[in-house]
Amino acid sequence: MSPRVSPGKTGAIAVGAFVVAGLAAGCAGTSSAGGPAGSDNRFIAGDGNIQEVKAGERKAAPQAGGETLDGKQLKLSDLKGKVTIVNFWASWCAPCRGEAPSLEQVYTENKAKGVELVGVGFKDNKDGLRAFERKFKITYPSLFDDDGQITLAFRDVPPNAIPSTLILDRQGRVAARIVGSTTYSKLSPLVAKIAAEKA
């Protein structure tokens, strides 16, 4: 896969340098960055770069899934045929709080157009994640990924930071990645572009 950084964005990320294990280590969190208890100051913050993947070079997302915070089973493969935003987040992550309203807005504006959003609550506890959802009035489902196994399943295009966002096309392939916090102005046109693609 050869992701390209969108024009006008700086600080390109070398995909070949990504090490999936680094996510688990880097996102152990930090008290100073709002990390979980017992953390060790290794929280990795992304810079918000957008990487898009040409249709012919996209790879299928893993058949990841599990239990949502409300106790239901959800698999990404069940959402094939829709554009799916996958957001990796944690309640202890300050940038996640900053981007939460934008994610909810993009979801509510696009769900009737065949766009889904699935959160992945990474290395966190259910109480903290649920409190976050209530505070920010989150209406989309989130998978509970306390051991990081769902996140680690994304080996070809690892999220590599918390928060990170992947956008899957209607065929279930990774079409774009945002490493770090996103905004409405970044995410909305990107989702619209991928949703407009012919299957």
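- Nearest heavy-atom pair across F132 and A90 is CE1-O, 4.4 Å.
- If you run side-chain contact (heavy atoms from CB on, under 4.5 Å) between I167 and each of T84, N87, L187, L117, only L187 comes through.
- In plain terms, the two heavy atoms of P62 and L76 that are nearest each other are O-CD1, 4.3 Å.
- The minimum heavy-atom distance linking S77 with Q63 is given by the pair CB-OE1, 2.7 Å.
- The closest donor-acceptor contact from the side chain of D124 to the backbone of S91 lies under 3.5 Å.
- The closest donor-acceptor contact from the side chain of R177 to the backbone of S164 lies at 3.5 Å or more, if one exists at all.
- With E104 contributing its side chain and T139 its backbone, the two residues share a donor-acceptor pair below 3.5 Å.
- The main-chain N or O of I138 is never found under 3.5 Å from a side-chain atom of E133 such that the two would form a donor-acceptor pair.
- Taking the charged nitrogens against the carboxylate oxygens, E67 and K126 do have a contact shorter than 4.0 Å, which makes a salt bridge.
- Taken to the nearest 0.5 Å, the CZ atom of F144 stands 7.0 Å off from the CG atom of N125.
- Remark: side-chain polar atoms of D145 are paired, donor with acceptor, to backbone N or O of Q149 under 3.5 angstrom.
- The backbone N or O of V115 lies less than 3.5 Å from no partner atom in the side chain of N110, so there is not a single donor-acceptor pair.
- Once rounded to the nearest 0.5 Å, the distance linking CG of L152 with CZ of F122 reads 6.5 Å.
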Begin with the C-alpha distance, continue with both residues' side-chain angles, and end with the deciding distance and a verdict on side chain to side chain contact (heavy atoms under 4.5 Å, CB included) for V53 and K59.
CA-CA 9 Å; V53 184; K59 294 185 178 180; over 6 Å; no

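- A distance-only check finds no donor-acceptor pair linking the side chain of W89 to the backbone of A100 [under 3.5 Å].
- The line from CG of L168 to CG of L79 is 8.5 Å long, rounded to the nearest 0.5 Å.
- Nearest approach of A64 to I150, heavy atoms of both residues: CB-CG2, 4.0 Å.
- To the nearest 0.5 Å, the span separating CZ on F88 from CG on L143 amounts to 9.0 Å.
- One finds a salt bridge joining E197 and R58 here, because a Lys/Arg side-chain nitrogen approaches an Asp/Glu carboxylate oxygen to under 4.0 Å.
- Smallest separation of non-hydrogen atoms from L74 and P141: CD2-CG, 4.1 Å.
- Scanning all heavy atoms of the two residues, the minimum distance from E99 to P163 falls at OE2-CB, 3.1 Å.
- With rounding to the nearest 0.5 angstrom, the NZ atom of K82 is 15.0 Å from the CG atom of D169.
- No option in F136, Y184, Y140 other than Y140 meets the ring-ring contact (aromatic ring centres under 6.0 Å, His included) test with Y107.
- No donor-acceptor pair under 3.5 Å is formed between the side chain of S188 and the backbone N or O of S185.
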